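Each remark here refers to the structure printed beneath this line.
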Amino acid sequence: METKQMKKLAVLVSGVGSLLEAMIRDNLPIDFVLADRSCRGIDIAQTAGIETEILPRTFGKTFDRYGYTLETIKVLKSRHIDLVIMAGYMTFFAPVMFKHFGKRITNIHPSLLPAFKGDHAVRDALEFGVKITGTTIHYATEELDNGPIIAQEAVPILDNDTVETLWERIKVVERRLYTETVRKLLKDV
Ligand code: GAR
């Protein structure tokens with residue numbers, strides 16, 4: 001009988017890493033965690049015994065996006081990664097990343113895309129005064145916060161919400177939805 005080869009999964013983080021933490025808790029088979037800076041997400045992965053690497057980047061005009069993207073691809077290829085999951089990863093890659101990974105790289109964004117793209121989605125939704133926001137999981141493409149949508153879920157905005165309270169309620173949904181979605185994607189890659 002033919003045995004199915006396990007697909008290799010990498011999670012990319014930049015910050016708190018609570019989505020990664022939820023995936024680990026739910027026993028997703030994560031092979032590798034990569035960060036663009038030193039962050040809590042890396043600590044969580046190390047505590048769980050997952051292999052990690054930090055590929056530090058610069059900020060501002062000195063940042064070589066293309067070179068950094070090539071370096072990242074090299075690291076992921078050297079570990080034979082099949083599926084790349086960006087979970088609160090805050091570096092935007094050059095197009096070569098998406099040429100390489102195609103529909104094997106996903107992102108999560110804390111709004112109902114195409115509304116409120118960019119780095120301040122939760123604050124922007126609150127300031128605009130919408131009554132419903134949420135989260136979107138999508139295939140990552142060379143356009144920021146764009147790409148075919150895989151899953152979305154709405155989160156109501158309450159009258160007394162702050163960025164912190166609203167973002168945490170969005171993250172509660174994201175921890176469940178991203179974990180479920182990655183599990184399904186692993187069957188397809
Ligand atoms: C999540 O809310 C995710 O949607 C967002 O970062 C948070 C990560 O939370 N992603 C982006 O803003 C990407 N543009 P965590 O660090 O606690 O896992």
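Note that the structure is a prediction, hence the values are computed from the model and not measured. Just so you know, ligand 1 is whichever comes first in the structure, and atom 1 is the first atom listed for that ligand.
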From CA spacing to verdict: salt bridge (charged side-chain N to carboxylate O under 4.0 Å, His left out), Lys171, Glu164: CA-CA 10 Å; Lys171 283 196 192 188; Glu164 289 71 30; over 6 Å; no
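- Here CD1 of Ile42 is found 9.5 Å from CG of Asp36. Values are rounded to the nearest 0.5 Å.
- What sits closest to atom 16 (O) of ligand 1 on the protein, heavy atoms only, is Gly17 N, 2.8 Å.
- When hydrogens are left out, the protein atom nearest atom 5 (C) of ligand 1 is Pro110 CD, 3.8 Å; that is the closest non-hydrogen contact.
- Close N/O approach between Asn107 and ligand 1 is not found [any backbone or side-chain N/O within under 3.5 Å].
- Of all the heavy atoms of Met86, none lies under 4.0 Å from any atom of ligand 1, so neither backbone nor side chain is involved.
- Between Phe93 and Tyr68, the two ring planes are parallel [angle under 30°; tilted spans 30° to 60°].
- Close contacts of ligand 1 with Leu19, meaning ligand atoms under 4.0 Å from a residue heavy atom, involve 9 (O), 18 (O).
- Ligand 1 has at least one atom lying under 4.0 Å from a heavy atom of Ile108.
- For the side chain to side chain donor-acceptor pair (under 3.5 Å) criterion with Thr136, the lone passing option out of Glu153, His109, Glu174, Gln152 is Gln152.
- Geometrically, ligand 1 and Gly15 share no nitrogen or oxygen pair separated by less than 3.5 Å.
- Within the 4.0 Å heavy-atom criterion, neither part of Glu21 lies near ligand 1.
- Within ligand 1, the atoms closer than 4.0 Å to a non-hydrogen atom of Val16 are 16 (O), 17 (O), numbered from 1 in the order shown.
- By the 3.5 Å distance cut-off applied to N or O atoms, Tyr89 is not counted among the residues near ligand 1.
- Protein heavy atom closest to atom 14 (N) of ligand 1, with residue, atom name and distance, is His109 ND1, 3.6 Å.
- For Phe128, the CZ atom counts as loosely surrounded, since its 6.0 Å shell holds 12 or fewer non-hydrogen atoms of other residues, nucleotides or ligands.
- Given atom 1 (C) of ligand 1, the protein heavy atom at minimum distance is Glu174 OE1, 3.1 Å.
- Counting atoms of ligand 1 from 1 in the listed order, those under 4.0 Å from a heavy atom of Gly88 are 6 (O), 8 (C), 10 (N).
- Partner of Thr181 under the side-chain contact (heavy atoms from CB on, under 4.5 Å) criterion, out of Thr106, Ile108, Ile150, Ile85: Ile150 alone.
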Side chain to side chain contact (heavy atoms under 4.5 Å, CB included) assessment of Asp161 paired with Arg169: CA-CA 10 Å; Asp161 258 334; Arg169 282 208 320 289; 2.8 Å; yes
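- Crowding of Glu51 atom CD: a count of heavy atoms from other residues, nucleotides or ligands under 6.0 Å not exceeding 12.
- Applying side-chain contact (heavy atoms from CB on, under 4.5 Å) to Ser111 and the options Thr133, Thr135, Val155 leaves one that passes, Thr133.
- Considering backbone and side-chain N/O atoms, Lys171 comes within less than 3.5 Å of an N/O atom of ligand 1.
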